[in-house]
Amino acid sequence: MTFTASEATLPQTRHLATAVPGPRSRDLHAERRQQVSSGFGTVLPVFIERAEGGILQDVDGNRFIDFASGIAVTSVGASNARVRERVAAQLERFTHTCFMVTEYESFTQVCRWLNEHTPGTFEKRTALFSTGAEAVENAVKIARAATGRPNVLVFDEAYHGRSLLTMAMTAKENPYRLNFGPLPGEVLRAPSANPLRPSRAFVPGADPAAAALAGVEELLSEHGAGSFAAMVIEPIQGEGGFVVPAPGFLQGLRSLADQHGIVLVIDEIQAGMGRTGTLYASEHEGVAGDITLSAKALAGGLPLSAVTGRADLMDAVHTGGLGGTYAGNPLACEAALAVFEEFEDGTLLANARAIEETVREVLEPLVAQVPAVAEFRGRGAMLALEFADPETLEPRADLAQAASAACHAQGVLTLTCGTYGNVIRLLPPLVIPRDLLLDGLHVLRSAILEAAANS
Ligand code: PMP
């Protein structure tokens, strides 16, 4: 059972009833500024009343095409029928017991599905938490407990969260780390294998994966490979710019991890759960992490995250060493079981691949047509355009921001990302109807052509 536009109760069409933001959103935003910490930013200051399929409807009656999915979360749709039914039934039974106090079966069922479906044929165990950052932090705790080593290796352009440890693992200074130091130690950064912007270690003409791997080896020998508990890598770097690592990079990391007894942690929080057309993005590279992290799309919008890994690692932690009051909340576990059912017949994965085809058809020609469109990249329904000067590769954040703002004004919710803020990324729900996708893509295409012509 996947969503079809004809079953929707919210019309699956873009509609502008007012200017964006409309008067009610403006009033609510003014009130928000009085009540909410200024530390929270907002991509588009409209207040959402309902969301379904590929549409977000605001309090002024505007309907936006959703190219964000709440940052890769609502892949099955923001009001998926199965998720609603399972969560509603659970609401009738109980909302919480705390799994560390008394147990419930849905927690184990979610763990079983993840043990069976994450890459790697070895025996696995799973631990559930609430947020992505918590999953990352717990993976580090587990790797340290299992290896008895302190250091954590991360990469340029990485994003792993905003908590104190994950903020140190995240690469970008502003806004994530600025003013929030001192940062925890034992986090060391190696080059990533960005094909468009090769690493510090890159020698022109060299293979970008090999060059980045040489940088990793250098860091390992500098600090002593035996001091590293974990390497943590995103199979496609999300906030860092939808960077698909050069072919061979993930496999190279797998070999280095094996060679030095380092736990390879694959952070699939943004790229996983079907987003790229396979359940996990690391499958495209034929690589299995010792630990794989899931969150975001795992529970259709309810807060749930998971650390799934080799049984020997996951069981190396002393009893009581992992947990959290809300870890694996029963409403979130039911939502995840609904999401798993949605993935069962393969339609959503096929949708992700079909979305890629459609987006490619409309947007990829811009690389040849518009000099400042430096690259079209990504996989499945995780796709992006990077804007840069064609001669110098100087990032053109101005173009990404202008095109994105024009989309917002016309009812298309786009997001930007990248170390330099010069990337427009697309993360539509996997259930977006094709007509709606095409409408949004044509708005985006025109916005890019116009921004480029005016610059
Ligand atoms: N890792 C990756 C790859 C992410 O994209 C994110 C969220 N953008 C996180 C970790 C952190 O997740 P959360 O915001 O749920 O803590």
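Whatever order the structure lists them in is the order used to number ligands and atoms, beginning at 1.
Short contacts between ligand 1 and Glu234, defined as distances under 4.0 Å to a heavy atom of the residue, involve ligand atoms 3 (C). For ligand 1, the atoms sitting less than 4.0 Å from at least one non-hydrogen atom of Ile269 are 1 (N), 2 (C), 4 (C), 6 (C), 9 (C), 10 (C), numbered in the order shown with element in parentheses.
Remark: the backbone N or O of Leu44 is not paired with any side-chain donor or acceptor of Thr42 at under 3.5 angstrom. Counting only distance, with no hydrogens or angles, the side chain of Asp290 and the backbone of Leu264 share a donor-acceptor pair below 3.5 Å.
Checked against a 3.5 angstrom limit, the closest N/O atoms of Gly132 and ligand 1 fall inside it.
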**Item:** Glu285/Arg254 under salt bridge (charged side-chain N to carboxylate O under 4.0 Å, His left out): CA gap, chis, key distance, verdict
**Value:** CA-CA 11 Å; Glu285 306 285 336; Arg254 178 69 272 172; over 6 Å; no
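Nearest protein heavy-atom contact of atom 5 (O) of ligand 1 is Gln270 NE2, 2.9 Å. The single protein non-hydrogen atom nearest to atom 10 (C) of ligand 1 is His160 O, 3.3 Å, given as residue, atom name and distance. Looking only at heavy atoms of the protein, atom 1 (N) of ligand 1 is closest to Asp267 OD2, 2.7 Å.
When non-hydrogen atoms are compared, ligand 1 lies under 4.0 Å from the side chain of Glu239 (C-beta onward) but not from its backbone. Residue contacts with ligand 1 for Lys296 involve side-chain atoms from C-beta outward but no N, CA, C or O (heavy atoms, distance under 4.0 Å).
Under the 4.0 angstrom criterion, atom 14 (O) of ligand 1 counts as lacking any protein heavy-atom contact.
Between Phe99 and Phe107, the ring-plane angle classifies as parallel under the 30° and 60° cut-offs.
The closest side-chain donor-acceptor pair between Arg33 and Ser38, if any, does not fall under 3.5 angstrom.
Here the closest heavy-atom approach between residue Ala225 and residue His260 is recorded as CB-ND1, 3.3 Å.
Summarising the contacts of atom 11 (C) of ligand 1 with Ala133, Ser163, Ala271, the nearest heavy atom is found in Ala133.
Aromatic rings from Tyr176 and Tyr159 are positioned such that their centres are separated by under 6.0 Å.
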